[in-house]
2 protein chains.
Amino acid sequence: MGTIYDLAKITGFSITTVSKALNNYSDVSEKTKAKIVQAAADMGYLPNAHAQSLSTKRSWTIGVMFSEANEVGMMHPFFNAIIESFRKATEQQGYDLIFASRNLRNRDMSYLEHFQHRAVDGIVVICSDQMDKHVQELIQSSIPIVVVDMDSTDCSVVFSDNLSGGTLAVNHLYELGHRLIAHIAGDMTIDAGLARIEGYKQAMDRLALPIPDGYLINGGFFSVEEGKQAMQMLLALPKRPTAVFVAGDQMAIGAMEAIHEAGLQVPHDISVVGYDDIEMSKYVTPKLTTVRQDTERIGQHAAELLIEQIVNKRRVMTTDIIPVDLIVRQSTGPVKP
Amino acid sequence: MGTIYDLAKITGFSITTVSKALNNYSDVSEKTKAKIVQAAADMGYLPNAHAQSLSTKRSWTIGVMFSEANEVGMMHPFFNAIIESFRKATEQQGYDLIFASRNLRNRDMSYLEHFQHRAVDGIVVICSDQMDKHVQELIQSSIPIVVVDMDSTDCSVVFSDNLSGGTLAVNHLYELGHRLIAHIAGDMTIDAGLARIEGYKQAMDRLALPIPDGYLINGGFFSVEEGKQAMQMLLALPKRPTAVFVAGDQMAIGAMEAIHEAGLQVPHDISVVGYDDIEMSKYVTPKLTTVRQDTERIGQHAAELLIEQIVNKRRVMTTDIIPVDLIVRQSTGPVKP
DNA sequence: CATTTCACCGAAAGCGCTTTCGATAAATTT
DNA sequence: AAATTTATCGAAAGCGCTTTCGGTGAAATG
């Protein structure tokens with residue numbers, strides 16, 4: 001592989017000139033530039049990123065952190081899709097992603113510390129947990145940052161339009177004739193969960209629909225199992241809802257399972273609409289009607305926001321809300337007469 | 001944040017002593033060690049990873065590469081689960097994962113080059129594509145490496161026991177009375193696909209079951225859509241199979257969809273068993289009988305294998321085969337009389 | 001008391017690269 | 001022909017850290 005010293009020796013130029021040639025400086029002649037570049041290619045020279053970073057204070061890396069109450073991390077299809085599109089976008093600009101832990105050899109340190117240690121150029125946090133101390137610490141730091149799926153005025157954030165998502169779902173059910181519409185919510189400590197609740201409430205209110213006791217139920221942290229349990233509670237209600245808006249697809253899948261286990265049919269007896277549009281949604285039975293989040297756009301946009309801060313060397317605090325779509329499939333139908 | 005120079009100034013010791021104190025060298029007294037460590041804590045000192053790497057030739061990073069014919073990368077639940085368990089295991093040892101692209105700023109380079117540039121300590125490749133030039137290049141290099149889900153004698157590999165997986169599936173179906181057992185295979189360029197085909201063939205052979213024309217069908221690269229199409233071919237056969245072993249859960253889900261769309265029932269008319277046991281498998285309808293791959297163990301084991309090579313500074317070429325389990329759910333049932 | 005051992009510390013070189021600031025020779029202008 | 005630009009190059013410092021190799025004074029040994 002070799003270093004610029006080797007290159008200098010081979011070509012007969014100084015390391016300064018070699019470095020300049022490789023970095024296409026204007027004060028080295030085309031002729032020597034060509035020679036050096038050729039020699040570099042011949043020996044398979046590659047610059048050492050660490051040396052470069054040390055010298056330029058620019059590492060071309062972006063730290064990524066997951067913070068979630070339910071600890072699913074990369075495993076959740078929604079977050080996973082976002083990070084994937086984020087990766088594509090940043091990669092194209094020459095950045096590499098680094099997943100840092102809180103563990104530095106023996107030592108235990110915060111994410112911020114770890115990212116500082118690694119000297120990342122920026123940080124993306126895929127987050128649903130407002131209360132996470134690490135996230136707060138990151139936001140308060142001076143490193144360029146963008147956080148996804150959480151609300152904050154202290155940094156750039158990008159998330160889906162959860163408010164109208166809730167409305168979209170409720171209105172759809174209303175148009176199908178449903179009046180008894182329940183909501184299996186995400187935990188209120190999670191912004192997305194809260195906003196969807198709000199969307200649900202507002203929509204119900206606008207439609208002059210009451211929200212009976214027990215119709216707004218906490219489904220916790222978006223897992224299939226929790227969705228199932230919440231649905232069981234709903235089914236046990238004296239006045240059973242005819243439709244339910246579920247704050248996440250996985251929970252919705254759990255809810256449908258609960259409904260089926262109770263011997264009822266979706267959507268014949270109960271309609272359900274989910275949230276996210278994870279890939280599986282169109283393959284479960286019945287295919288899930290859901291509010292699609294545009295993960296592609298969220299990831300891409302987060303990348304742009306972050307890179308802009310990195311290159312302009314100034315923090316920016318925007319909050320960008322990405323529109324959502326209602327995808328009507330087969331888990332919703334007209335209310336039984 | 002500060003550097004060891006600042007620490008030296010503050011404490012009055014030389015940078016040598018500061019460095020030694022921080023690294024717990026034995027030739028610095030407990031007293032001064034304490035002073036220095038205290039000062040470091042006070043100023044929130046953190047070592048610069050790039051400087052450390054430059055000086056020690058050890059970056060405490062592991063490069064990860066995905067290589068797949070279908071380009072789903074991190075999005076595939078199976079690979080995703082593996083990388084997650086891999087991450088947990090390496091993280092615990094102090095390594096960070098870096099996802100490198102092939103794009104270095106303007107320059108286009110190979111993965112190997114990129115990893116060399118980043119000076120990673122080791123590489124993990126999550127791979128199903130034997131033919132990938134980049135993968136071959138990585139394997140031929142001298143960097144410690146482990147590859148998952150592919151077979152090779154030139155490096156450490158770890159993958160599931162696909163052979164007996166196929167057998168497990170076929171035997172299960174046989175015991176249920178099925179004799180017309182088809183196989184929707186993964187592409188033969190993919191080791192896992194090939195091995196499962198082999199397992200299927202061997203099992204059929206042992207059971208003295210013929211494999212009628214068209215019963216072994218290529219499902220391509222494991223997507224839902226391809227599974228669906230393959231199943232449609234199967235359904236169009238003059239002598240329809242009563243059971244089908246599908247080389248991947250996503251394909252199996254597609255296959256079930258095709259069956260349902262044809263107006264048939266799983267498992268009443270046709271039994272299907274999948275492969276992987278992705279999370280969704282237990283939530284589709286009917287719940288999928290499948291061969292579970294132990295992603296937890298695969299990732300963990302790959303991590304151990306890689307780290308061992310890193311610390312011992314010698315390449316190791318083992319091939320570790322992780323056992324699989326048959327998970328019987330509801331997509332398989334006795335053959336119709 | 002002279003000598004050896006030991007505990008503790010620091011100078012200096014090196015890791016591979018960038019970047020400032022001069023220096024030199026050639027080209028251009030008066 | 002003298003003065004000024006311009007083009008091209010290199011010395012050297014610096015980025016933040018590790019590690020070898022000596023050097024000192026104090027303790028232990030004879």
Side-chain angles (χ1 to χ4, degrees), chain A residues 1-37 39-40 43-61 94 104-105 107 113 115-121, chain B residues 1-37 39-40 43-61 94 104-105 107 113 115-121:
Chain A
M1 266 218 25
T3 72
I4 53 171
Y5 287 90
D6 301 324
L7 242 23
K9 195 156 297 176
I10 292 176
T11 61
F13 294 99
S14 72
I15 62 159
T16 303
T17 303
V18 170
S19 173
K20 286 179 177 173
L22 261 18
N23 289 296
N24 207 33
Y25 272 54
S26 62
D27 67 342
V28 27
S29 75
E30 289 305 325
K31 200 180 297 178
T32 78
K33 213 176 271 188
K35 275 187 206 159
I36 291 174
V37 168
M43 72 150 41
Y45 167 82
L46 286 174
N48 179 305
H50 298 298
Q52 283 185 149
S53 300
L54 188 56
S55 158
T56 60
K57 269 109 166 27
R58 190 96 156 61
S59 69
W60 291 94
T61 57
L104 181 59
R105 259 78 91 199
R107 198 135 106 68
E113 290 174 323
F115 286 140
Q116 287 177 154
H117 164 71
R118 285 281 182 209
V120 300
D121 290 339
Chain B
M1 267 219 22
T3 71
I4 54 171
Y5 288 89
D6 302 323
L7 242 23
K9 195 156 295 174
I10 291 177
T11 61
F13 293 100
S14 71
I15 62 159
T16 303
T17 303
V18 170
S19 173
K20 286 179 178 174
L22 262 17
N23 290 295
N24 206 33
Y25 272 54
S26 62
D27 67 341
V28 26
S29 74
E30 289 304 325
K31 201 180 296 179
T32 77
K33 213 176 269 186
K35 276 187 205 159
I36 292 174
V37 168
M43 72 150 42
Y45 167 82
L46 286 172
N48 179 305
H50 298 298
Q52 284 186 149
S53 300
L54 189 55
S55 157
T56 60
K57 268 106 169 28
R58 190 94 158 64
S59 68
W60 292 94
T61 57
L104 181 59
R105 259 77 92 200
R107 196 136 107 68
E113 289 175 324
F115 286 140
Q116 287 178 154
H117 164 69
R118 285 283 182 208
V120 299
D121 291 339

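No hydrogens, no waters, no symmetry mates; every other heavy atom, side chains included, goes into these values. We name chains A, B, ... by the order of the sequence lines, and we start the count at 1 in each one. Note that the coordinates shown come from a computational prediction; the quantities given were computed from them, not determined experimentally.
Closest approach of Ala21(A) to Ile36(A), counting heavy atoms only: CB-CD1, 3.6 Å. Scanning all heavy atoms of the two residues, the minimum distance from Leu46(A) to Met1(A) falls at O-CE, 3.3 Å. Between Thr61(B) and Ala119(B), the shortest heavy-atom distance links the atoms OG1-O, 4.2 Å.
In this entry the distance linking NZ of Lys33(A) with P of dC9(D) reads 10 Å, nearest Å. In this structure, the CG atom of Asp27(A) is 17 Å from the P atom of dT24(C), given to the nearest Å. Distance Phe13(A) CZ to dT8(D) C1': 10 Å, rounded to the nearest Å. One atom, CZ of Arg58(B), and another, P of dG14(C), lie 24 Å apart when rounded to the nearest Å. Atom CD1 in Ile36(B) sits about 13 Å away from atom P in dC8(C), given to the nearest Å.
The residue Thr32(B) sits close only to the backbone: its heavy atoms come under 4.0 Å of sugar-phosphate atoms, none of a base.
Each of Ser29(A) and Thr17(B) has a nearest nucleotide on DNA chain D; the 5'-most of these lies closest to Ser29(A).
Looking only at distances, a side-chain donor or acceptor of Thr56(B) sits under 3.5 Å from a matching main-chain atom of Gln52(B). Side-chain atoms of His50(B) never come within 3.5 Å of backbone atoms of Ala51(A) as a donor-acceptor pair (strictly under, hydrogens ignored).
For residues 6-15 of chain B, every residue pair satisfying the side-chain hydrogen bond (donor to acceptor under 3.5 Å, both in side chains) rule, not counting sequence neighbours, is listed here: Ser14(B)-Thr17(B).
Side-chain contact between Val18(B) and Tyr5(B): absent, with no pair of heavy atoms (C-beta onward) separated by less than 4.5 Å. Side-chain contact between Val28(A) and Phe13(A) is absent, with no heavy atoms from C-beta onward closer than 4.5 Å.
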When you compare the protein's N or O atoms with those of nucleotides 16-18 of chain D, which come within less than 3.5 Å of each other, and at what distance?
unit_1, atom_1, unit_2, atom_2, d
dG16(D), OP1, Lys57(A), NZ, 3.1
dG16(D), N2, Ala51(B), O, 3.4
dC17(D), OP1, Tyr45(B), OH, 2.5
dC17(D), OP1, Asn48(B), N, 3.2
dC17(D), OP2, Ile4(B), N, 2.6
dC17(D), N4, Tyr5(B), OH, 3.1
dT18(D), OP1, Asn23(B), ND2, 3.2
dT18(D), OP1, Gln52(B), OE1, 3.4
dT18(D), OP2, Ser19(B), OG, 2.6
dT18(D), OP2, Asn23(B), ND2, 3.3
dT18(D), O4', Ser55(B), OG, 2.5

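End-to-end axis angle of the helix from dC1(C)-dG30(D) to dT30(C)-dA1(D), from C1' rotation axes over five pairs per end: 50° (rounded to 10 degrees).
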